[in-house]
Asker: 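Got a structure for you, written out below as C-alpha cells; questions coming shortly.
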There are 2 protein chains.
Amino acid sequence: MLNHSKIDSILRALVEPTRRQILERLSRGPATVSQLAEPFGMTFAAVLQHLQTLEACGLIRSEKIGRVRTCRIEPGGLAPLADWITERRIPAERHLDRLGQILAEPDQSPPKVQDQEKDEQT
Amino acid sequence: MLNHSKIDSILRALVEPTRRQILERLSRGPATVSQLAEPFGMTFAAVLQHLQTLEACGLIRSEKIGRVRTCRIEPGGLAPLADWITERRIPAERHLDRLGQILAEPDQSPPKVQDQEKDEQT
DNA sequence: GGAATGGTTAAGCATGGACTTGAGTATTGA
DNA sequence: TCAATACTCAAGTCCATGCTTAACCATTCC
C-alpha cells in the first residue's frame, strides 16, 4: 500500500512478537547480535533480519567494533508512535464528552442515528 | 508465536494502513458500513473484514439497527497500546539516565554489569 | 408479495514477510 | 599463517493476510 511513513514502519516493526522480545531484551541493556540470537529458537540470520528492521525504523541503534556488533535501544524511538496515539485519543475523548453531554441533556428527542454525517470537528 | 495478547491484536489491527484510515474517519464521527466503504477503492466485503478486525480488538464498536450497522470509535481502545509504550519508554529513559550518571561520575570503577554500560556514547 | 437496499459469509487467489540454507567476508587468537 | 569466531548476504520456501467474487440473509419500501 506504499505507506512509507514513520508510523507505518514502526508499526510494521512492532507487530512481530520476536522483535518486541528483542526490544524487551535490549531495554535491559545493550547486547551483541549473538547474545540476542541465543534465546530464540531461530537462526542467526533470522535474528539479524529482525535487527535490521528495528534499526531501519529507528527503534534501535547498533555499532560494530571489530567483528562484534553491539545493539542498544534508541531512546526516542517510540516517540512518533506515542504522539500518533495521543493525537488520536484526544478526538476520541472529545467525542465521548459530546456523547456525555447528549446523554446528560434533560429532555429532547435523541439525535437521529441515521444522519451522522453532520460534521462535528471544531 | 501464539502471542494472542491484547497488544498483539491491536498492533496487527493498526499495521494495516486502510484500517488506520478507517479509524481516522471514525474519529470524526460514527459512520455506517457503506459510508466507510465508499471512499476506499475496494469492495464492501473487504472493508467489512477490516471493520471486524478493528472491532475484535476493541478499537471500534458497532451496532446494527434495522439493516444498517453503525460503527464508532471505542474511546479507550488505544489505551493498552499507550500503556505498553510508556512501560517501555521508562526503562529506556532510565537507562539513558544511568548512562548520564556514569558519564557524570568524577572517577570510580564502573559497576561492572556485564561490560555493557561502560561503552561511552553521548 | 416482490424488488431494492444494506450487510454478511465463504472460498479462492496473490502478495508480503518470516525463516532457512548455504556461501561469503572480516577480525581475532594461537 | 591458519582456524575459529562473529557477522553478512542472497536465494528460496512457506504461511498469514488482504482482497475479490459470488452467493446468501434481513429489512424496508412500493
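Every chain is numbered from 1, with letters handed out A, B, ... down the list of sequences.
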Asker: Under 4.0 Å: is that the gap between some side-chain N or O of T43(B) and OP1 or OP2 of dT20(D)?
Answerer: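 Answer is yes, contact under 4.0 Å.
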
Asker: Donor-acceptor check, side chain of R88(B) to backbone of W84(B), threshold 3.5 angstrom: yes or no?
Answerer: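 Looks like yes, one N/O pair under 3.5 Å.
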
Asker: If I take atom CG in residue D8(B) and atom P in nucleotide dT17(D), what distance separates them, rounded to the nearest angstrom?
Answerer: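 Value for this atom pair: 9 Å.
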
Asker: Kindly write out the residues that satisfy side-chain contact (heavy atoms from CB on, under 4.5 Å) with T32(A), not counting sequence neighbours, or none if the list is empty.
Answerer: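 T32(A) satisfies side-chain contact (heavy atoms from CB on, under 4.5 Å) with S34(A), Q35(A), V68(A), T70(A) only.
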
Asker: Quick one: side-chain contact (heavy atoms from CB on, under 4.5 Å) partners of L48(B), sequence neighbours excluded?
Answerer: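 Only V33(B), Q52(B) meet the side-chain contact (heavy atoms from CB on, under 4.5 Å) criterion with L48(B).
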
Asker: Give me the stems containing DNA chain D, sorted by first residue, counting only three or more consecutive Watson-Crick or G-U pairs with both distances under 3.5 Å; say none if there aren't any.
Answerer: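 When the pairs of DNA chain D are grouped into runs of at least three, the stems are C:1-30 with D:1-30.
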
Asker: Rounded to the nearest Å, what distance is computed from the CZ atom of residue R69(A) to the P atom of nucleotide dT25(C)?
Answerer: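 In whole Å, dT25(C) P lies 18 Å from R69(A) CZ.
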
Asker: Which residues pass the side-chain hydrogen bond (donor to acceptor under 3.5 Å, both in side chains) test with S62(B), not counting sequence neighbours?
Answerer: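 Expected list: E55(B), R69(B).
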
Asker: Quick one: on DNA chain C, does S34(B) or H50(A) contact a more 5' nucleotide (nearest heavy atom)?
Answerer: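 Residue closer to the 5' terminus by nearest nucleotide: S34(B).
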
Asker: Sub-3.5 Å donor-acceptor pair from the side chain of R72(B) to the main-chain atoms of E63(B), do we have one?
Answerer: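 Answer holds: no.
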
Asker: Return the set of residues passing side-chain contact (heavy atoms from CB on, under 4.5 Å) with A46(A) (not counting sequence neighbours), or none when no residue passes.
Answerer: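 Checked A46(A) against side-chain contact (heavy atoms from CB on, under 4.5 Å); matches are M42(A), T43(A).
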
Asker: How many Å lie between CZ on R20(A) and P on dA18(C), as a whole number?
Answerer: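 Between P of dA18(C) and CZ of R20(A): 12 Å.
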
Asker: Can you check nucleotides 25-30 of chain D for protein contacts, nitrogen or oxygen pairs under 3.5 Å, and list what you find?
Answerer:
{"from": "dT27(D)", "atom 1": "O2", "to": "R67(B)", "atom 2": "NH1", "distance (Å)": "3.0"}

Asker: Starting at CD of Q35(A) and ending at P of dT5(D), how long is that distance when rounded to a whole Å?
Answerer: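 About 16 Å, once rounded to whole Å.
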
Asker: Quick one: is dT17(D) close enough that its OP1 or OP2 comes under 4.0 Å of any side-chain N or O from R12(B)?
Answerer: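 Yes, because at least one side-chain N or O of R12(B) sits under 4.0 Å from OP1 or OP2 of dT17(D).
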
Asker: Mind checking side-chain contact (heavy atoms from CB on, under 4.5 Å) for E38(A) and listing every partner two or more places apart, or none if nothing turns up?
Answerer: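 Checked E38(A) against side-chain contact (heavy atoms from CB on, under 4.5 Å); zero matches.
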
Asker: For R61(A) and P75(A), indicate whether the former's side chain and the latter's backbone hold a donor-acceptor pair under 3.5 Å.
Answerer: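 Judged by distance alone, no pair lies under 3.5 Å.
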
Asker: In whole angstrom, give the distance that lies between atom CZ of F40(B) and atom C1' of dT20(D).
Answerer: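 That distance rounds to 17 Å.
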
Asker: Given atom CZ of F44(A) and atom P of dA10(D), what is their separation to the nearest angstrom?
Answerer: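 The distance from CZ of F44(A) to P of dA10(D) comes to 17 Å, rounded to the nearest Å.
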
Asker: Between protein and nucleotides 9-13 of chain C, what N or O pairs are separated by less than 3.5 Å?
Answerer:
{"from": "dT9(C)", "atom 1": "OP2", "to": "Q52(B)", "atom 2": "NE2", "distance (Å)": "3.2"}

Asker: Has R20(A) got a side-chain atom pairing as donor or acceptor with L14(A)'s backbone, closer than 3.5 angstrom?
Answerer: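 Judged by distance alone, yes, a pair lies under 3.5 Å.
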
Asker: If you look at every heavy atom in G77(B) and I10(B), which pair is closest and at what distance?
Answerer: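 Closest approach of G77(B) to I10(B): O-CD1, 3.7 Å.
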
Asker: Answer yes or no: is there a side-chain heavy-atom contact under 4.5 Å between H50(A) and F40(A)?
Answerer: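 H50(A) does not reach F40(A) side chain to side chain.
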
Asker: Would you kindly give the CG-to-P distance between L54(B) and dG18(D), to the nearest whole Å?
Answerer: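 One finds 10 Å between P of dG18(D) and CG of L54(B), rounded.
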
Asker: Rounded off to whole Å, could you give me the CE-to-C1' distance for the M42(B) and dT21(D) pair?
Answerer: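 The answer, rounded to whole Å, is 15 Å.
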
